[in-house]
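Naming: A, B, ... by sequence-line order, numbering from 1 per chain. Remember, it's a predicted structure, so these values are computed and weren't measured experimentally. Keep in mind that the numbers below use all heavy atoms, side chains included, and drop hydrogens, waters and symmetry copies.
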There are 2 protein chains.
Amino acid sequence: MKDNNDMPGHLARRFQQIAVAVFLAEVGDVGFDLTPVQYAALATIKANPGLDQVTLAGLIAYDRTTITGVIDRLVQKGLIERRASPRDRRARELEITDEGRRTLRKITPAVESAQRIMLRGLSAKEGEELMRLLRKAIAAGNELSRAPLRE
Amino acid sequence: MKDNNDMPGHLARRFQQIAVAVFLAEVGDVGFDLTPVQYAALATIKANPGLDQVTLAGLIAYDRTTITGVIDRLVQKGLIERRASPRDRRARELEITDEGRRTLRKITPAVESAQRIMLRGLSAKEGEELMRLLRKAIAAGNELSRAPLRE
DNA sequence: CGATATTGCTCAGTATGCTGACTATCAGTA
DNA sequence: TACTGATAGTCAGCATACTGAGCAATATCG
């Protein structure tokens with residue numbers, strides 16, 4: 001019987017678990033209540049003003065049914081606005097608010113610190129190598145999940 | 001602004017997302033409906049007959065509040081039995097059933113195939129290196145999540 | 001022995017993620 | 001233009017994960 005530690009799937013779960021915990025702790029320490037998922041969505045909306053939900057989902061590889069709730073919560077927190085698109089009445093355009101911008105600015109150091117902490121067991125070179133290998137494996141498996149990356 | 005692809009946390013999420021999808025697809029293809037989490041719990045119960053829930057949680061790094069539901073579903077599927085411990089009336093002893101054993105045996109090839117597929121973009125050497133780096137990062141971050149590994 | 005702390009487990013509540021189904025709308029074509 | 005297919009979004013339902021609270025039972029220590 002293979003050990004859990006020889007299963008990339010198990011290791012993936014463990015690493016993600018730690019990554020989320022570190023992110024929440026760092027962001028919480030500076031007084032904000034934002035999840036990794038909400039952060040990625042907010043940052044992507046800021047970088048792509050007026051984008052619709054499907055495009056956003058493709059840019060960060062979220063399922064379209066997941067993104068609904070994430071956006072609900074960002075709207076509820078006053079960090080973004082959701083309004084009907086004038087060009088396509090099915091679509092919703094997303095825009096970051098001033099408060100969203102302020103929040104992003106304030107938590108950026110905590111987010112960066114979180115990324116360092118979750119790699120703290122590795123040397124700089126090893127951290128780079130881990131990210132390179134993850135990127136490569138992810139690229140090869142992109143189409144295997146329901147929420148692939150779309151550029 | 002850092003790109004998502006430079007964020008280990010984001011890469012962790014993506015890799016895990018793919019890993020789960022591949023696992024479910026492979027196991028589903030041979031006619032079983034078992035999640036990665038349920039599989040790990042089942043295999044660990046088989047390897048450690050009569051263990052209690054807290055010990056199980058520690059061995060696979062699950063939160064104790066998560067394991068309750070996982071065990072409920074394994075019991076409901078008839079794969080394990082949960083009974084009160086004679087030594088400690090707070091604890092529940094877990095035991096795999098014959099059907100649990102049969103299920104494990106039948107899905108093992110699918111589980112192994114899933115592990116290969118999620119690394120299909122990498123050479124054998126790269127796959128080994130990815131697992132080594134993940135293990136190292138996880139070891140250093142073990143205490144940072146609410147559900148650390150306990151041996 | 002008795003008060004206190006700790007432990008095993010559960011529950012309510014919240015937030016991802018997914019499957020599958022549905023509505024509304026848009027796009028392409030006969 | 002009417003039909004057909006595809007697309008944007010939502011919803012119900014299920015399965016992780018976690019926070020925080022609580023109960024029952026055990027362990028520990030004065």
- Note: for A:D33 and B:R82 on DNA chain C, the residue whose nearest nucleotide lies more 5' is B:R82
- A:E143, CD atom: more than 12 neighbouring heavy atoms under 6.0 Å: yes
- Can you sort out which residues in residues 54-66 of chain A have a heavy atom within less than 4.0 Å of DNA chain D? Ascending by number, please. A:V54, A:R64, A:T65
- Message: For DNA chain D, which residues of residues 87-94 of chain B approach it to below 4.0 angstrom with any heavy atom?
- Response: B:D88, B:R89, B:R90
- Message: Please confirm whether the shortest side-chain N or O distance from A:R13 to OP1 or OP2 of D:dA17 is below 4.0 Å.
- Response: yes
- Item | B:F15: partners by ring pair (Phe, Tyr, Trp, His ring centres under 6.0 Å), with sequence neighbours left out | none
- Message: Just by distance, no angles: are the side chains of A:T55 and A:D52 close enough, under 3.5 Å, to form a donor-acceptor pair?
- Response: yes
- Message: Going by side-chain hydrogen bond (donor to acceptor under 3.5 Å, both in side chains), B:Q53 matches just one of B:R82, B:E93, B:R64. Which one?
- Response: B:R82
- Item | Atom-to-atom span, CD1 of A:I67 to P of D:dC11 - whole angstrom | 15 Å
- Is the closest side-chain donor-acceptor distance between B:S113 and B:E26 under 3.5 Å? yes
- Measure from CD on B:Q38 to C1' on D:dT16 and round the result to the nearest Å. 10 Å
- Message: Quick check: on DNA chain D, is the nucleotide nearest A:V20 upstream (toward 5') of the one nearest A:Q53, or the reverse? Name the residue that is more 5'.
- Response: A:Q53
- Task: Give a yes/no on whether any side-chain N or O of A:Q17 is located under 4.0 angstrom from OP1 or OP2 of D:dT16.
- Result: no
- Item | A:R14 (side chain) donor-acceptor with B:A61 (main chain) under 3.5 angstrom | no
- Message: Test your reading of the model: is there a side-chain donor-acceptor pair from B:E95 to the backbone of B:I80, 3.5 Å cut-off?
- Response: no
- Query: Does the side chain of A:T68 get closer than 4.0 angstrom to OP1 or OP2 of D:dG9 through an N or O atom?
  - Reply: no
- What are the bounds, 5' to 3', of the part of DNA chain C that sits under 4.0 Å from heavy atoms of chain B? C:dT7 to C:dC18
- Qualifying residues under ring pair (Phe, Tyr, Trp, His ring centres under 6.0 Å), relative to A:Y62, sequence neighbours excluded: none
- A:N4 and B:T44: CA distance, side-chain angles, deciding distance, side chain to side chain contact (heavy atoms under 4.5 Å, CB included) verdict: CA-CA 9 Å; A:N4 277 333; B:T44 304; 4.2 Å; yes
- Task: Mind checking the NZ-CG spacing from B:K136 to A:L122? Nearest 0.5 Å is all I need.
- Result: 6.0 Å
- When the nearest nucleotide of DNA chain D is assigned to A:A21 and to A:D72 on a heavy-atom basis, which residue is associated with the more 5' position? A:D72
- What is the distance from atom CG of B:L104 to atom CD1 of B:I96, rounded to the nearest 0.5 Å? 4.5 Å
- Could you check which residues of residues 136-151 of chain A get a heavy atom under 4.0 Å from DNA chain D? Sort them by number, please. none
- Message: Any base atoms under 4.0 Å from A:V70, or only sugar-phosphate, or nothing? Heavy atoms, all strands.
- Response: sugar-phosphate
